[in-house]
Amino acid sequence: MTRRALLALASPGWHYPGHDRENRVFRPPVSVTTEPGSLGPRTGLFEHALRLHQRYPDSPLPRDGEPYPDGDLHRRRQRPRTRKDQRLRGSDVAVILDVHFGKADAPPSKLADAFHDVEVPIHYNEHIAAAALRADRQRVRQTGRWLVRHSTDRCSATVGLALLATDWAEEDIPLIQTIGLLSDRFGALAAEALRRRRGGEEALLWLAQRVEGWGRVYLIEALCRGGVHASRRWLLRHACDGDFLNGYFAGKVATAAHLHEAIVGTEVDDDLVDHTGRLLKIMAGCGGMGMTLEHYPPAPVVLAAHVAHLDRQTPTVNRYVDAAVIADHLASDKPERSGCTTEQRDQLVRQYLAVLDRQDWCDEVRAGLDEDGEFFAWFTANVAARLHLRAFTDVTGGDR
């Protein structure tokens, strides 16, 4: 996460206008079901993802796998014109698919370079899905598999994944997971394809643990839509990784994983408390992106439980900063913006400040923050100054 993004997310007056998610501009694996054939010497997108995954088996791919093997080709080509009527997006792809499936003997390889001159959506698209449903199911499945497995062009690989996103064959899960590791481009369709399959939650969780950025948004949102069971523990402790895009799904995680029950339960550990603080900090200031505390009914209960657990934790810089940003939002905003009454809000602020002003917490944050860094300057001039935090009174001036 960049420092600029961190400052924006932490700032109490911050309101994020949102991204145009549908129109972005782009620059346990693995045993797969494959079809015969090859496109030649160029490296396919699937092979590229697989090689990187073998080097980084348990973490996101560096730079989300970029540059892709077809990078030079896509830099040289003229970008397809975007349709003004968004309802028609994907219809050009559907026409190509209809013509292809209308020829009984046309092999999947005929589609290898068929989509260069049309706009290919990276999200589930009704026109493409309709074309898939008009064709023979087995042939659609084989075509989707071949395009994902062998395409050296990202457009064809995307169409192949879109075809698999209309299907439900479980044996395609490893294939979908692997291409989904290139998550900025393929994450949305991989999430849709996995969500439809038996064992989809476990498959989504595996992939969500290995992607970041937009891909993480797509995968975690799919987990939250599909019903949280096997993924609940991970979502409650690790879903938010610090990227400002976490604002899109923080409230969905809190709701789908029943955070209000977990944080007052009997199995509360440091990871749960820390991630709860992260969720609360995000929801306090993610207006325009996702659910805020104002629209999260259990907010007072979760806030009270978090600060009570915080009081018993060992101080760390991250815990201090998260708690201070939460307290700053509470103190700076109207009570209803945090879902609280005035009395609830005032009591919570007092409780957070009581922890933050303890000597051991003050010592920890002063020793851990880089006084020459950009974040320290912003934090002392804003959050610390507004809250009159004891650890920074010599920097911000004055006494409590």
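Throughout, numbering of the chain's residues begins at 1 and tracks the sequence. As the structure is a computational prediction, the values presented were derived from the model and not from experiment.
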Original post:
Can Val355 and Gln351 be said to form a side chain to side chain contact (heavy atoms under 4.5 Å, CB included), step by step?
Top reply: CA-CA 7 Å; Val355 175; Gln351 289 177 282; over 6 Å; no
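- In this structure, Asp243 contributes its side chain and Asn246 its backbone to no donor-acceptor pair below 3.5 Å.
- Here the CD atom belonging to Glu364 is positioned 11.5 Å from the OH atom belonging to Tyr320, to the nearest 0.5 angstrom.
- Trp378 and Phe375 have tilted rings, their planes meeting at an angle from 30° to 60° on a 0 to 90° scale.
- Judged by the 6.0 Å and 45° rule, Arg366 forms no cation-pi pair with Phe376.
- Using a distance-only test at 3.5 Å, with no hydrogens or angles considered, a donor-acceptor pair links the side chain of Gln344 to the main chain of Thr341.
- To the nearest 0.5 Å, the span separating NE2 on His295 from OG1 on Thr292 amounts to 4.5 Å.
- Thr255 places no side-chain N or O within 3.5 Å of a backbone atom of Lys252 that could act as its donor or acceptor partner.
- For the pair Asp64 and Arg185, the salt-bridge criterion is not met [side-chain N within less than 4.0 Å of a carboxylate O].
- Salt-bridge formation is detected for the pair Arg145/Glu171: a Lys NZ or Arg NE/NH1/NH2 atom is positioned less than 4.0 Å from an Asp or Glu carboxylate oxygen.
- Counting non-hydrogen atoms of other residues, nucleotides and ligands closer than 6.0 Å to CD of Glu126 gives a total of 12 or fewer.
- The side-chain heavy atoms of Ile282 and Phe244, taken from C-beta on, include no pair separated by under 4.5 Å.
- Defined by atom type and a distance below 3.5 Å, a donor-acceptor pair is missing between the side-chain atoms of Asn318 and Asp274.
- The main-chain N or O of Leu223 is never found under 3.5 Å from a side-chain atom of Glu201 such that the two would form a donor-acceptor pair.
- Scanning all heavy atoms of the two residues, the minimum distance from Leu205 to Ala230 falls at CD2-O, 4.0 Å.
- Salt-bridge annotation for Asp58 and Arg210: present, with a side-chain N of the basic residue lying under 4.0 Å from a carboxylate O of the acidic one.
- Between the Thr166 side chain and the Leu163 main chain, a donor and an acceptor come within less than 3.5 Å of each other.
- Side-chain contact between Val253 and Leu259 is absent, with no heavy atoms from C-beta onward closer than 4.5 Å.
- Checking side-chain atoms of Arg149 against main-chain N and O of Leu175 turns up no donor-acceptor pair under 3.5 Å.
- Here the SG-CG distance, from Cys155 to Leu73, works out to 8.5 Å after rounding to the nearest 0.5 Å.
- Taking the side chain as every heavy atom from C-beta outward, Phe392 and Leu369 approach each other to under 4.5 Å.
- A side-chain donor-acceptor contact under 3.5 Å links His275 to the backbone of Leu236.
- Rounding to the nearest 0.5 Å gives a distance of 10.0 Å between CG of Leu330 and CG of Asp346.
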Subject >> Verdict with reasoning, Gln347 to Arg350, per side chain to side chain donor-acceptor pair (under 3.5 Å) >> reply: CA-CA 5 Å; Gln347 176 63 16; Arg350 286 193 293 269; 2.9 Å; yes
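- Residue Val140 comes nearest to Ala132 through the heavy atom pair CG2-O, 3.4 Å, listed as atom of the first residue, atom of the second, then distance.
- Between the side chains of Arg232 and His229, no donor-acceptor pair of N or O atoms lies under 3.5 Å.
- Taking the side chain as every heavy atom from C-beta outward, Arg139 and His100 approach each other to under 4.5 Å.
- If you take SG on Cys224 and CG on Leu219, they are separated by 11.0 Å, rounding to the nearest 0.5 Å.
- Asp328 contributes no side-chain N or O that, together with a main-chain N or O of Ala324, makes up a donor-acceptor pair within less than 3.5 Å.
- Taking 4.5 Å as the limit, every side-chain heavy atom of Trp168 sits out of range of all side-chain heavy atoms of Arg198.
- Among the candidates Thr316, Leu310, Asp311, the single residue satisfying the side-chain contact (heavy atoms from CB on, under 4.5 Å) test with Gln313 is Leu310.
- Under a 3.5 Å cut-off, the side chain of Arg216 and the backbone N or O of Ala239 do form a donor-acceptor pair.
- The closest side-chain heavy-atom distance from Ile128 to Pro121 is below 4.5 Å.
- Between Leu52 and Gly65, the closest heavy-atom pair is CD1-CA, 3.7 Å.
- For Phe46 and Trp146, the ring centers sit 6.0 Å or farther from each other.
- Under the 30°/60° scheme for interplanar angles, the aromatic rings of Tyr352 and His306 are found to be tilted.
- Ionic pairing of Arg337 and Glu294 is present here: one or more N-O contacts between side-chain nitrogen and carboxylate oxygen are shorter than 4.0 angstrom.
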**OP:** Might you work through the salt bridge (Lys or Arg N to Asp or Glu O under 4.0 Å) test for Asp322 and Arg319, ending with a clear yes or no?
**Re:** CA-CA 5 Å; Asp322 286 351; Arg319 288 169 183 166; over 6 Å; no
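- Nearest approach of Met289 to Leu245, heavy atoms of both residues: CE-CA, 3.9 Å.
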**OP:** Start with the C-alpha gap between Thr178 and His53, add the side-chain angles, then the distance that decides, and say whether side chain to side chain contact (heavy atoms under 4.5 Å, CB included) holds.
**Re:** CA-CA 8 Å; Thr178 302; His53 171 60; 5.6 Å; no
Subject >> Trp361 and Val317: CA distance, side-chain angles, deciding distance, side chain to side chain contact (heavy atoms under 4.5 Å, CB included) verdict >> reply: CA-CA 8 Å; Trp361 283 76; Val317 172; over 6 Å; no
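- Looking at every heavy atom in both residues, Val365 comes nearest to Ala391 through CG1-CB, 3.7 Å.
- Between Tyr218 and His123, the ring-plane angle classifies as perpendicular under the 30° and 60° cut-offs.
- Other residues, nucleotides and ligands contribute over 12 non-hydrogen atoms within 6.0 Å of the CZ atom of Arg134.
- Across Arg154, Arg75, His48, a single residue satisfies side-chain hydrogen bond (donor to acceptor under 3.5 Å, both in side chains) together with Asp70, and that is Arg154.
- Among all heavy-atom pairs drawn from Cys340 and Leu303, the shortest one is SG-CD1, 4.1 Å.
- With contacts defined as side-chain heavy-atom distances shorter than 4.5 Å, the pair Glu221/Val217 qualifies.
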**OP:** Go through the steps to decide whether Glu170 and Arg197 satisfy the test salt bridge (Lys or Arg N to Asp or Glu O under 4.0 Å), and finish with yes or no.
**Re:** CA-CA 6 Å; Glu170 296 171 45; Arg197 285 159 166 80; over 6 Å; no
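- Leu293 is listed as a side-chain neighbour of Leu280, based on a closest heavy-atom distance under 4.5 Å.
- By the 6.0 Å contact criterion, CD on Glu267 is open, its count of non-hydrogen atoms from other residues, nucleotides or ligands being 12 or less.
- Side-chain atoms of His74 and Asp153 form a donor-acceptor pair, as typed in the model, at a separation below 3.5 Å.
- The backbone N or O of Leu88 sits less than 3.5 Å from a side-chain atom of Ser91, completing a donor-acceptor pair.
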**OP:** Check the pair Asp167 / Arg137 against salt bridge (Lys or Arg N to Asp or Glu O under 4.0 Å), numbers first and verdict last.
**Re:** CA-CA 8 Å; Asp167 196 47; Arg137 171 56 46 193; 3.5 Å; yes
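- For the atom pair NE2 of His150 and OG1 of Thr152, the computed distance is 11.5 Å after rounding to the nearest 0.5 Å.
- A salt bridge links Arg233 to Asp269: one of the charged nitrogens lies within less than 4.0 Å of a carboxylate oxygen.
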